**Student:** 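Handing you a structure now.
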Protein chains: 2
Amino acid sequence: MDTVNIEGRAYHHGDLKPSLLEVALQVLDTEGLEAVSIRRLARELGVAHSAPANHFATRKDLLTGMAEVCFDELSLGSAACPDDVGCPRDESALKALYRATLNYGLRYPNRYRMMFRWGDLNAEDTGLQTRIEILYRRLMQCMASTGGDTPLFSNETRAIALWSMLHGYMVMRIEGTIQGGFHDEINGMPREEALFALLTHLTSEPTGFAG
Amino acid sequence: MDTVNIEGRAYHHGDLKPSLLEVALQVLDTEGLEAVSIRRLARELGVAHSAPANHFATRKDLLTGMAEVCFDELSLGSAACPDDVGCPRDESALKALYRATLNYGLRYPNRYRMMFRWGDLNAEDTGLQTRIEILYRRLMQCMASTGGDTPLFSNETRAIALWSMLHGYMVMRIEGTIQGGFHDEINGMPREEALFALLTHLTSEPTGFAG
DNA sequence: CTTCTATATTGACAGTGTCCATATTTACCC
DNA sequence: GGGTAAATATGGACACTGTCAATATAGAAG
């Protein structure tokens with residue numbers, strides 16, 4: 001190859017965009033979102049400070065690209081919740097979604113924080129929107145398959161309520177907002193189990209008379 | 001006063017700390033969190049770029065101070081929900097808390113976003129912790145006064161679930177996360193009303209047999 | 001009046017995002 | 001193959017940013 005200059009460094013990186021995303025996520029995990037700077041990544045990859053601009057025009061675009069990768073990961077994990085995180089395959093789709101989100105958020109808290117800060121992302125980006133819609137559609141399918149024929153609340157209401165509760169819990173847990181009020185166990189149950197029980201009770205409540 | 005130099009500018013501002021908070025919140029509301037920079041505020045107040053350091057050592061401290069002000073405002077609003085936002089005084093304490101949070105978050109979305117980003121704040125700051133605890137205690141009181149004698153879930157579980165749902169809904173609404181999936185009306189009910197109904201049903205569920 | 005502390009000033013440093021003109025490489029078309 | 005156009009990388013520049021240090025002034029307390 002003659003793409004090597006005097007210093008033994010290739011002029012073209014050749015695979016910069018995916019490399020940027022990879023390093024960016026690594027920095028995000030280990031040092032937080034503030035440490036994810038375009039120049040830092042360029043330095044890390046031995047490339048000019050302005051090279052990433054060809055692939056991500058602005059920092060917002062970079063974060064958006066990162067979020068897309070993360071949503072794909074979460075989506076994949078929620079579709080087929082693997083066994084190695086203690087999630088047997090015969091669980092309901094709803095519980096798989098619940099556990100996958102919980103697992104992903106607790107394993108990659110900085111990613112989770114970033115993924116849902118759409119104010120810091122390109123909210124108009126269609127890639128982001130379609131990825132959210134995939135998750136939302138899957139949640140709606142879970143609603144359609146639970147709650148009986150005449151649920152007390154509409155599928156949409158229950159879906160929004162359920163996702164809101166899950167997301168709110170994740171955010172406050174990750175940010176440490178009400179850490180003081182949190183106990184690891186509630187009524188002798190692991191906290192997340194108690195919340196899922198309540199959540200299940202909430203979403204499957206048929207009419208209020210069926211016990 | 002002889003505290004005036006040649007350019008007609010006082011050496012000491014005299015009231016810098018509260019002024020900083022005031023301008024900071026104004027900038028936050030109108031231009032977003034990124035625009036809130038120490039130097040910008042100093043410029044705005046006609047003061048040296050390093051003057052704020054005497055009152056807020058770091059930007060994190062500044063944001064923490066701002067959040068404390070906001071929590072005080074929210075706390076005040078939730079204690080006595082004023083009439084001018086369509087909230088009659090005879091409502092239950094829980095609904096007052098619910099509506100106050102909803103109103104504050106929708107009126108000041110940027111403030112709400114900042115208040116709960118404890119990763120960007122001094123989470124060890126006691127002022128922040130005590131303010132959150134005030135809200136959490138008030139919520140727990142609401143739980144104690146609802147749900148009957150033998151609720152299906154503990155007060156703590158219900159409190160966390162309720163707050164999680166409310167907070168998660170606020171965040172996703174403000175960030176525009178699932179805006180596509182949101183409709184203004186659900187089953188002919190305003191969206192927030194439907195969610196509150198579900199939430200009330202959730203928190204007041206006595207045993208599952210009482211209808 | 002003197003002294004001590006709080007507050008404000010100027011200057012500096014390293015880091016950042018973003019734009020620009022330039023250089024190189026790759027891809028594609030003839 | 002050769003030549004042209006597009007993609008990609010470079011280095012420089014500008015205006016910001018937070019934070020630190022040394023200095024100067026104001027106010028309060030003795």
Side-chain angles (χ1 to χ4, degrees), chain A residues 1-24 27-28 30-67 114 117 119-122, chain B residues 1-24 27-28 30-67 114 117 119-122:
Chain A
M1 265 213 185
D2 52 358
T3 65
V4 177
N5 66 7
I6 288 178
E7 298 170 4
R9 192 159 51 91
Y11 187 91
H12 273 206
H13 181 280
D15 204 32
L16 189 52
K17 186 165 184 175
S19 299
L20 281 169
L21 290 173
E22 185 182 354
V23 178
V27 173
L28 174 64
T30 57
E31 303 179 44
L33 187 57
E34 290 187 357
V36 179
S37 78
I38 295 178
R39 292 175 107 104
R40 156 76 180 273
L41 302 182
R43 217 179 304 135
E44 207 104 12
L45 290 170
V47 109
H49 68 265
S50 189
N54 293 298
H55 308 281
F56 301 103
T58 173
R59 189 180 127 100
K60 217 174 194 172
D61 295 320
L62 171 65
L63 298 186
T64 304
M66 294 166 64
M114 175 207 59
R117 288 187 177 182
D120 300 345
L121 305 178
N122 271 347
Chain B
M1 264 212 184
D2 53 356
T3 66
V4 178
N5 66 6
I6 289 177
E7 296 169 4
R9 192 161 51 91
Y11 187 90
H12 273 206
H13 181 280
D15 205 30
L16 189 51
K17 187 164 185 176
S19 299
L20 282 168
L21 290 173
E22 184 182 355
V23 177
V27 173
L28 174 65
T30 56
E31 302 179 44
L33 187 57
E34 290 187 357
V36 178
S37 77
I38 296 178
R39 291 176 107 105
R40 156 74 181 276
L41 302 181
R43 217 179 303 134
E44 207 101 13
L45 290 169
V47 109
H49 68 264
S50 190
N54 292 298
H55 307 281
F56 301 104
T58 173
R59 188 180 126 101
K60 217 172 194 174
D61 294 320
L62 171 65
L63 298 186
T64 304
M66 293 166 65
M114 174 207 60
R117 287 186 177 182
D120 300 343
L121 305 178
N122 271 347

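Sequence lines set the chain letters: A, B, ... in the order given, protein chains first and strands last, and positions in each chain run from 1. Every value quoted in this text rests on a predicted model; they were computed, and no experiment measured them.
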**Student:** Choosing from dA9(D), dG18(D), dA8(C), which nucleotide comes nearest the side chain of Ile38(B)?
**Tutor:**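 Nearest nucleotide to the side chain: dG18(D).
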**Student:** Side chain of Asn54(A), base of dA9(D): donor and acceptor closer than 3.5 Å?
**Tutor:** yes
**Student:** Which whole-number value in Å describes the distance from Lys17(B) NZ to dA8(C) P?
**Tutor:** 12 Å
**Student:** What contact category does Arg59(B) fall into here, base, sugar-phosphate, or nothing, at under 4.0 angstrom with non-hydrogen atoms?
**Tutor:** sugar-phosphate
**Student:** Which nucleotide in the list dT18(C), dG18(D), dA8(C) gets nearest to the side chain of Thr58(A)?
**Tutor:** dT18(C)
**Student:** Starting the side chain at C-beta, find the nucleotide from dT18(C), dT9(C), dT10(D) nearest to Ala51(B).
**Tutor:**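 Shortest atom-to-atom distance from the side chain points to dT9(C).
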**Student:** Using the test salt bridge (charged side-chain N to carboxylate O under 4.0 Å, His left out), find all partners of Asp120(B) that sit at least two apart in sequence or belong to another chain.
**Tutor:**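 Expected list: Arg113(A), Arg117(A).
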**Student:** Mind checking His55(A) for me? I need base, sugar-phosphate or nothing, with any heavy atom below 4.0 Å counting as a touch.
**Tutor:** sugar-phosphate
**Student:** Below 3.5 Å is the cut-off: list the nitrogen or oxygen pairs between protein and nucleotides 21-24 of chain C, distance only.
**Tutor:**
unit_1  : atom_1 : unit_2   : atom_2 : d
dA23(C) : N3     : Tyr11(A) : OH     : 2.9

**Student:** Hey, does the side-chain of Arg39(B) have a donor or acceptor N/O within less than 3.5 Å of a partner on the base of dG18(D)?
**Tutor:** yes
**Student:** Taking only the side-chain heavy atoms of Leu16(B) (C-beta and beyond), determine which of dT10(D), dA8(C), dT18(C) contains the nearest atom.
**Tutor:** dA8(C)
**Student:** Considering only heavy atoms from C-beta outward, does the side chain of Val36(A) approach that of Met66(A) to under 4.5 Å?
**Tutor:**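 Yes, at least one pair of side-chain atoms sits under 4.5 Å.
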**Student:** Side chain of His49(A), base of dG15(C): donor and acceptor closer than 3.5 Å?
**Tutor:**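 No pair found.
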**Student:** Do you know which of Asp15(A), Leu16(A), Leu21(A) makes side-chain contact (heavy atoms from CB on, under 4.5 Å) with Pro18(A)?
**Tutor:** Asp15(A)
**Student:** Figure out the CG/C1' separation between Leu45(A) and dA9(D), and round it to whole Å.
**Tutor:**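 My rounded result for the distance is 13 Å.
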**Student:** Leu41(B) CG to dA8(C) P: how many Å, rounded?
**Tutor:** 14 Å
**Student:** Apply the side-chain contact (heavy atoms from CB on, under 4.5 Å) test between Leu20(A) and each candidate in Ile38(A), Val47(A), Leu41(A); give the one that qualifies.
**Tutor:** Leu41(A)
